[in-house]
Amino acid sequence: MNLAKDLADWTDWDSAAFEVGRSLGIFGESETFAQVKWVFWTDNPLGNALHEVLLQLVSARVLERREEPDEQFRWIAR
């Protein structure tokens, strides 16, 4: 897995959080977003934590964030 490659283009926050979860080993390679989308679409500790990881990566200037047209993230090319 390569998070920089997976988030090279603007990616909706829930899909970006899924990729972070996959890179951390929380979601297996065979798991699809559809199988675990409840994690991101409900208020729960895991989904909230993965969203917070995205925000912290923005603060660390690893990711960029935009809020329009939807909340999205992408890797900052170096």
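All of these numbers come straight from a predicted model, not from anything done at the bench. If you read the sequence from its start, that first residue is 1, and numbering goes on from there. Every heavy atom of this structure was used, including side-chain atoms; hydrogens, water molecules and symmetry mates were not.
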| message | Going by side-chain hydrogen bond (donor to acceptor under 3.5 Å, both in side chains), name the residues that satisfy it together with Asp43, two or more places apart in sequence or in a different chain. | response | Asn48
| message | Test your reading of the model: is there a side-chain donor-acceptor pair from Arg22 to the backbone of Glu29, 3.5 Å cut-off? | response | yes
| Partners passing side-chain hydrogen bond (donor to acceptor under 3.5 Å, both in side chains) against Ser30 (at least two apart in sequence or in another chain) | none
| request: Give the minimum heavy-atom separation between Ala17 and Leu54, together with the two atoms involved. | output: N-CD1, 3.7 Å
| task | Only counting residues at least two apart or in another chain, list the ones meeting side-chain contact (heavy atoms from CB on, under 4.5 Å) with Val39. | result | Phe27, Val36, Asn44, Leu46
| Phe33 vs Phe40 aromatic rings, parallel, tilted or perpendicular, using cut-offs 30° and 60°? | parallel
| field | Glu31: side-chain hydrogen bond (donor to acceptor under 3.5 Å, both in side chains) partners, not counting sequence neighbours | value | none
| task | Treating Ile, Leu, Val, Met, Phe, Trp and Tyr as nodes and any side-chain heavy-atom pair under 4.5 angstrom as an edge, say whether Ile76 and Val62 lie in one connected cluster. | result | no
| request: Apply the test side chain to side chain contact (heavy atoms under 4.5 Å, CB included) to residues Ile26 and Leu50: give CA-CA distance (whole Å), side-chain angles for both, the deciding distance (0.1 Å), then the verdict. | output: CA-CA 10 Å; Ile26 296 169; Leu50 289 170; 4.1 Å; yes
| Charged N-O contact under 4.0 Å between Arg65 and Glu67 | yes
| query | Listed by chain and number, what are the side-chain hydrogen bond (donor to acceptor under 3.5 Å, both in side chains) partners of Ser59, not counting sequence neighbours? | reply | none
Please tabulate, for the side chains in residues 7-16, all donor-acceptor contacts under 3.5 angstrom to protein atoms that are two or more places apart in sequence or on a different chain.
{"from": "Thr11", "atom 1": "OG1", "to": "Asp9", "atom 2": "O", "distance (Å)": "2.8"}
{"from": "Asp12", "atom 1": "OD1", "to": "Gln72", "atom 2": "NE2", "distance (Å)": "2.9"}
{"from": "Asp14", "atom 1": "OD2", "to": "Trp41", "atom 2": "NE1", "distance (Å)": "2.8"}

| field | Atom pair CD (Glu19) and NZ (Lys5), whose distance is rounded to the nearest 0.5 Å | value | 11.0 Å
